[in-house]
Number of protein chains: 2
Amino acid sequence: MSYREKDTENEILEAAKKVFIEKGMAGARMQEIADEAGINKSLLHYYYRSKDKLFLAVFRFAVLQFLPGIQEMLTSNIPFDEKIRRFVYRYIDILLENPFVPMFIIQEIQRDPERLFNAFLEVGMRPAQIIQQFREASEKGEIKDINPEDILVNTLSLCIFPFAAQPLMQRLFCENDEQVYKEWLENRKKTVPEFIINAVKK
Amino acid sequence: MSYREKDTENEILEAAKKVFIEKGMAGARMQEIADEAGINKSLLHYYYRSKDKLFLAVFRFAVLQFLPGIQEMLTSNIPFDEKIRRFVYRYIDILLENPFVPMFIIQEIQRDPERLFNAFLEVGMRPAQIIQQFREASEKGEIKDINPEDILVNTLSLCIFPFAAQPLMQRLFCENDEQVYKEWLENRKKTVPEFIINAVKK
DNA sequence: GTCTATATTGTGATAGAC
DNA sequence: GTCTATCACAATATAGAC
């Protein structure tokens, strides 16, 4: 098969995503990635040369995956309420599929801020534009006079944190029943936007 | 000096707190803890036998440190608004002194849920009581008909997440000026309670 | 109790056969 | 491209002198 090489390379990347995103750079083991990919350890080096380079490929992917949702928030020209509803709905949807990605990014940025923040910019992140959107909503009188930074961070907090805290909260409130917790998270796609809108509307 | 032994044991624990809480179990190095404590590596084993046991001592401390604030929330019999204001103010205050502790707990619980959750219960955590308090506030008509679990998790999200995301947000919004970010966090002691109260009041 | 030296294991990386 | 075997070094842990 002429695409056999591509297949292996991709299986390695998929395995690396799973292990790195769940355990972080320090906690991940090359052996575990190889097992997950169903291949030998040395093939990892054949394709990616080092643990560090493989990690960076995963990190770039993780950042890329979570940018589109945020970018959509700033480009659309719909009213504030609707913007929040759409963003939260879509963002929690992505999170249900990839629960660990945002915390992985945050955790690893803390470990090596200089280098990893560059990967963040490389990929086209323009934070000032997002803030500007909220500022305009405030000036248009759609919402209260609240720091646009607060609205953005509060929104991200309410979306992301419940996923980060899942292992703990699930035990505390759901008798460790994953299905029950997932349904509660699903339900937040509707309750969180209303929570935010009530908090900031005039 | 008759308390010399106690001193060393305590200096080790302090050093271990600093390193483990910032880097996690997988990222921490016994050598770094020894350096931080200004002593030799083997003394760590003399006092705590293994990395695992030293880690567990730190984890127990971290959980204990963040329980009192949460417990206060459920014992006081003041009105809902005032309860939220006091809790958020105190909680962000503790976080300003210990920015990494909650994420440390969340991250490590995920790594080893069975064992570490026990440390959580050992220390007297009673989550059902907190939920009950919010349910009563709702029944008394103080607030909207919102899941008490949502109120608790939303409150924790708004307090904790901005600290977890600090290395990222500081770069995105504050040109990496730590002082500016700290002042913004300080300011949230007032804005976050109002955000929550507006969101849930009738 | 504290140190130096050393054992032991884990882990990323390379060499070389096929 | 893929495997087995092995290296080199890092990290936890222990032995033993003082």
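Basis for what follows: all heavy atoms, side chains included, without hydrogens, waters or symmetry-related copies. Residue numbers start from 1 in every chain, and the chains themselves are labelled A, B, ... in the order their sequence lines are given, proteins ahead of strands.
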Looking across every strand, which nucleic acid part, if any, lies under 4.0 Å from B/Ala28 by heavy atom: base, sugar-phosphate, or nothing? sugar-phosphate

Going by distance alone, is a donor N or O of one side chain under 3.5 Å from an acceptor N or O of the other, for B/Gln65 and B/Asn98? yes

Check this for me, if you would: do A/Lys201 and A/Glu142 make a salt bridge, where the nitrogen-to-carboxylate-oxygen distance has to be below 4.0 angstrom? no

Please report, rounded to the nearest Å, how far the P atom of C/dT11 is from the CZ atom of A/Phe20. 13 Å

A/Asn40 side chain: which of C/dT4, D/dC3, C/dG1 is closest? D/dC3

Could you check which of C/dG12, D/dG1, C/dT2 has an atom nearest any side-chain atom of A/Tyr46? D/dG1

Check the distance between D/dA11's C1' and B/Ile33's CD1 and give it to me in whole angstrom. 12 Å

Atom CE of B/Met25 and atom P of D/dA11: how far apart are they, to the nearest Å? 14 Å

I need the CG-P distance between A/Leu44 and D/dG1, as an integer number of Å. 15 Å

B/Lys23 atom NZ is separated from D/dA11 atom C1', nearest whole Å, by 14 Å

Between atom NZ in B/Lys53 and atom P in D/dT12, what is the gap in whole Å? 15 Å

For A/Tyr89, does the six-membered ring have the charged nitrogen or CZ of A/Lys189 within the cation-pi criterion, i.e. under 6.0 angstrom from the centroid and within 45° of the normal? yes

Any Lys/Arg nitrogen of B/Lys182 or B/Glu178 sitting under 4.0 Å from an Asp/Glu carboxylate oxygen of the other? yes

Just by distance, with hydrogens left out, do B/Ser50 and B/Asp52 show a side-chain donor and acceptor under 3.5 Å apart? no

Looking only at side-chain N and O atoms, does A/Arg29 come under 4.0 Å of OP1 or OP2 in C/dG12? yes

Quick test of your reading of the model: are A/Arg171 and B/Glu114 salt-bridged, counting only N-O distances below 4.0 Å? yes

Tell me the bend of the helix from C/dG1-D/dC18 to C/dC18-D/dG1 as the angle between end helix axes, each from five pairs, rounded to the nearest 10 degrees. 10°

Using the ring of A/Phe55 (Phe, Tyr or Trp, six-membered ring only), decide whether A/Arg111 places NZ or CZ under 6.0 Å from its centre and within 45 degrees of its axis. yes

For the pair made of CZ in A/Phe55 and P in C/dA13, what is the distance, rounded to whole Å? 14 Å

SB check B/Lys23 B/Glu32 (cutoff 4.0 Å): yes

I need the B/Leu185 CG to B/Asp93 CG distance, nearest 0.5 Å. 11.5 Å

Are any protein N/O atoms closer than 3.5 Å to N/O atoms in nucleotides 13-16 of chain D? If there are, list each pair with its distance.
{"from": "D/dA13", "atom 1": "OP2", "to": "B/His45", "atom 2": "NE2", "distance (Å)": "3.2"}
{"from": "D/dA13", "atom 1": "OP2", "to": "B/Lys51", "atom 2": "N", "distance (Å)": "2.7"}

Please give, in whole Å, the distance from C/dT4 C1' to B/Gln31 CD? 13 Å

Ignoring backbone atoms, establish whether A/Tyr48 has a side-chain N or O less than 4.0 Å from OP1 or OP2 of C/dA13. no

